[in-house]
There are 4 protein chains.
Amino acid sequence: MTPEPKAAPARRSERARSAILTATAELVFEVPYGRLTIEAIAARAGVGKQTIYRWWPTKGAVLFDALLELSGGPDGVALPETGDLRADLALFLRATVAEMTEPRFDAFLRAVMIEIQSDPDLAEIYRDRLLAPQREAIRERLRVAALSGAIRADADLEVAVDLLVGPVQTRWALGLGGLTEAYVDSLLDLVLAAVRPS
Amino acid sequence: MTPEPKAAPARRSERARSAILTATAELVFEVPYGRLTIEAIAARAGVGKQTIYRWWPTKGAVLFDALLELSGGPDGVALPETGDLRADLALFLRATVAEMTEPRFDAFLRAVMIEIQSDPDLAEIYRDRLLAPQREAIRERLRVAALSGAIRADADLEVAVDLLVGPVQTRWALGLGGLTEAYVDSLLDLVLAAVRPS
Amino acid sequence: MTPEPKAAPARRSERARSAILTATAELVFEVPYGRLTIEAIAARAGVGKQTIYRWWPTKGAVLFDALLELSGGPDGVALPETGDLRADLALFLRATVAEMTEPRFDAFLRAVMIEIQSDPDLAEIYRDRLLAPQREAIRERLRVAALSGAIRADADLEVAVDLLVGPVQTRWALGLGGLTEAYVDSLLDLVLAAVRPS
Amino acid sequence: MTPEPKAAPARRSERARSAILTATAELVFEVPYGRLTIEAIAARAGVGKQTIYRWWPTKGAVLFDALLELSGGPDGVALPETGDLRADLALFLRATVAEMTEPRFDAFLRAVMIEIQSDPDLAEIYRDRLLAPQREAIRERLRVAALSGAIRADADLEVAVDLLVGPVQTRWALGLGGLTEAYVDSLLDLVLAAVRPS
DNA sequence: TATTAAACGAGACGGTACGTCGGGTCTTCGG
DNA sequence: CCGAAGACCCGACGTACCGTCTCGTTTAATA
């Protein structure tokens, strides 16, 4: 059932794999990403450099695997569905803001941003594996709300998702600050006004 | 009257300065930013490496000066004021989208994004020198509209700015695509609905 | 029994080592020693700079290893012992003069002289590894001659060695010229007169 | 009558000239000659680099002028003529040894040696300006001794000079040590024995 | 005494080489 | 036979000096 047992991982050391991802996660927080070297990861993980190059093509790939390892269980920030649209969205956005505010996660995400800007392939992976599911969940939530009449039926939901996510992401990415719970409330006021029925 | 403008750059070669910024702008487009080296800039500019290190502390600083040089005259994308709010905003957003779509500018902006994620000092410069004026112009335009009754008087204009700028910036930064004129229209539909009077 | 022969050079590439020493020997002859760069040696040897710095602390150390490599087999100029003191010394001095006159060796020795003047540690190595054995051989030859009555028994042999070697070395070092076989004869006339019995 | 008023030294600053030579003399003692830079000389002398390059072609030329300045008045070590040959030579050799032993002079002379090995032109200047007069003085002294019957009439005086000077110079240059007054005595014993009449 | 041309201090400039860091590959050895 | 260890070739780093080249600013011989 495993979809891709390809390239038969032969005998891959699980110990080495997780040591490498753990070391990466630690180092991303400790040193500026531009100074993060494969040698440092190997040294921290107690692993030969070759063991890294054998399994990952680039530093960015290691970073992404480390990220997937972290966001593995609970797929990032989950979106609840209590029936109260505003409450659900508020919960989600507050959790997002909390992540972006937490120093370790902030460092990690900025490293990911750097790789996304540098490498379109990694950008695609990020979109497909992490972004798309999240956006789809929000869109689905809005769709339900539209059916129940909580929001306008003809609203462009894709753009509505952008309206919810874009402002927060942009403020974080450009370091504009102001990412508080109050901000989330103000944002929701406007976005919900935009999609309010008739 | 100032007795010592001492820190005055002494005798700085304008020829070298502009050759360096030009070479940087060219190379940012030609090679991935991670592979862009100071040596390459120096070689392309026909300049000694030391001449770069003498006047800029980091590669990012050179990049930013090159950016400021480009966006020098017309401060980036200007915001017209015709009295028709939607038309003004549409013009502005379309120009922004056009920039982000143009390969040279796209490459340049991604390089800037990398530096912003890496260096808070550069992020601050970017915010203060380029972002802040633009956002202020938009906010001012909205303020005028609020006074004339075109939009709700009690709307939170700071968040309204985010609503306009965030979605576009986020789609570009994360490579989500779909940055078309149609998208701008859909976006404006929702945003103007959000701030529509009573 | 030694638990850690650790400082053992690990796995050192013999290919690189000899390529470096050969390149050095060639370049010492081709360019003035002051212009001889480590980068040129590395390039000529087809080797990374780091490989040189890994095994030698300074350019002078490489030069000395190259010299030892050359003077390896026949320990420099050998001193024969035929029973005829004057003939033996004449052979030795002529060989010395021949070396000093040969352009490649001249260039090499002048480079060594420069390093000796610059670095007392290298001077010590030179004395111990190359000079001392040679001087000891001469002194031993003179000792035998003293025992056989060919020269005065109470002559200060250390100084006698200086008398043989110093004039030639000085004329060469200061570029005074006149280093011919005739000069060797004149020199031997005087030196042997100095140590002639009774 | 001045054969070359050419290049008319125009107005040369004596202050600068002597400051440069003094700074050079100081620095030769303070830093290894290989690390002695023109920039350091200029800085120490409170002079622009160009002022050095205007009047001297190379660092070695400055060094030599500094040396000539020092050995200016008393042309190096003078050779007395008291009628007692051994006493005269002993005085001269002891003075030479004293110079070579004095740390400042030692450093200076080693710098000169480096330049002589590096640059045949400077070697020639050194021979002509400093070495030749000294050797001629010794040879003249020996010639007088030969006439007076103190030494053999048919001795090769050029080689005799080498016998006196070479051993001391060589021991110093190669760092063999043992440059004491006792050594001078032993040396004179042998050399005078070599040229003793019949 | 005022003019003027050079030499001067300062230091930026285009370069070369330095000695170091890290990338990505290859080789050796131990488990 | 994988993995740790680390040497290897290579390219770039940021620094130190090179020798040249402006810049004003003395400075001393003329005009």
Side-chain angles (χ1 to χ4, degrees), chain A residues 9-13 15-17 19-20 34-43 45-59, chain B residues 9-17 19 34-43 45-59, chain C residues 9-17 19 34-43 45-59, chain D residues 8-17 19 35-43 45-59:
Chain A
R11 238 89 28 70
R12 178 172 182 176
S13 159
R15 192 187 63 69
R17 199 193 74 95
I20 288 164
R35 301 254 154 104
L36 175 55
T37 67
I38 298 248
E39 294 209 325
I41 295 173
V47 140
K49 274 199 290 178
Q50 192 57 49
T51 302
I52 298 182
Y53 284 113
R54 189 155 21 233
W55 303 108
W56 291 275
T58 63
K59 186 173 65 171
Chain B
R11 236 76 33 62
R12 178 171 182 177
S13 161
E14 174 54 25
R15 190 187 63 68
R17 199 193 72 95
R35 303 247 154 110
L36 175 55
T37 67
I38 299 246
E39 293 207 325
I41 295 174
V47 141
K49 273 198 290 180
Q50 193 64 64
T51 300
I52 299 182
Y53 286 112
R54 182 146 40 224
W55 302 109
W56 291 276
T58 62
K59 186 173 67 170
Chain C
R11 241 72 34 62
R12 178 172 182 178
S13 161
E14 174 55 25
R15 189 186 64 68
R17 200 194 72 95
R35 304 251 154 112
L36 175 54
T37 66
I38 298 245
E39 293 206 326
I41 295 174
V47 141
K49 273 197 291 180
Q50 193 69 77
T51 300
I52 298 183
Y53 285 112
R54 184 152 32 229
W55 302 109
W56 291 275
T58 63
K59 186 174 65 170
Chain D
R11 246 83 29 67
R12 178 171 182 178
S13 160
E14 174 54 25
R15 190 188 64 69
R17 200 193 71 94
R35 302 253 155 105
L36 175 55
T37 66
I38 298 247
E39 294 208 323
I41 295 174
V47 140
K49 276 197 292 178
Q50 193 59 49
T51 301
I52 299 182
Y53 285 111
R54 182 148 40 225
W55 303 108
W56 292 275
T58 64
K59 186 174 66 170

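Keep in mind that what you see is a predicted model, and the values were worked out from it rather than measured. Numbers restart at 1 for each chain; the letters A, B, ... are given by sequence-line order, proteins then strands.
- The 5' end of DNA chain E is approached more closely, in terms of each residue's nearest nucleotide, by B:Ala45 than by the other of C:Leu36 and B:Ala45.
- Candidate nucleotides F:dC18, E:dC18, E:dC8 were compared by shortest atom distance to the side chain of D:Arg12, and E:dC8 ranks first.
- D:Glu14 places its CD atom 16 Å from the C1' atom of F:dA28, with the value rounded to the nearest Å.
- Separating the NZ atom in D:Lys59 from the OG1 atom in D:Thr37 is a distance of 8.0 Å, to the nearest 0.5 Å.
- Rounded to an integer number of Å, the gap from CD of A:Glu39 to C1' of E:dT20 is 12 Å.
- For the OP1/OP2 pair of E:dG9 and a distance below 4.0 Å, the side-chain nitrogens and oxygens of D:Thr51 include at least one atom meeting the criterion.
- In this structure, the side chains of C:Thr51 and C:Arg54 come closer than 4.5 Å at one or more pairs of heavy atoms.
- If D:Lys59 and A:Val47 are placed on DNA chain F by their nearest nucleotide, the residue sitting closer to the 5' end is A:Val47.
- The CH2 atom of C:Trp55 sits 11 Å away from the P atom of F:dG6 (whole-angstrom rounding).
- As rounded to whole Å, 18 Å separates atom C1' of E:dC8 from atom CD1 of D:Ile41.
- Between C:Trp56 atom CH2 and E:dC18 atom C1' there is a gap of 18 Å when expressed in whole angstrom units.
- Rounded to an integer number of Å, the gap from CZ of C:Arg15 to C1' of E:dT28 is 16 Å.
- Residue contacts for D:Arg17: at a heavy-atom cut-off of 4.0 Å it reaches no nucleic acid atom on any strand shown.
- One can place CD1 of A:Ile38 at 12 Å from P of E:dG22, the figure rounded to the nearest angstrom.
- Within the 4.5 Å cutoff, the side chain of D:Trp55 has heavy atoms near those of the D:Arg12 side chain.
- Side-chain proximity of D:Tyr53 to F:dG19, E:dC13, F:dA12: nearest is F:dG19.
- In the set E:dC18, F:dA16, E:dG14, the nucleotide with an atom closest to the side chain of C:Thr37 is E:dC18.
- If you take NZ of D:Lys49 and P of F:dA16, they are 13 Å apart, rounded to a whole angstrom.
- The C:Gln50 side chain lies nearest to E:dT20 when the options are E:dG14, E:dT20, E:dC26.
- The two atoms that bring B:Ala45 and B:Ala19 nearest to each other are CB-O, 3.5 Å, heavy atoms only.
- Closest heavy-atom contact between C:Ala16 and C:Val47: CB-CG2, 4.0 Å.
- Contacts of A:Arg35 with the nucleic acid, taken as non-hydrogen atoms under 4.0 Å apart, are absent.
- Put simply, C:Arg54 has no side-chain N or O that comes within less than 4.0 Å of OP1 or OP2 on E:dT20.
- Listed pair C:Arg11 / F:dA5 fails the phosphate criterion, with no side-chain N or O lying under 4.0 Å from OP1 or OP2.
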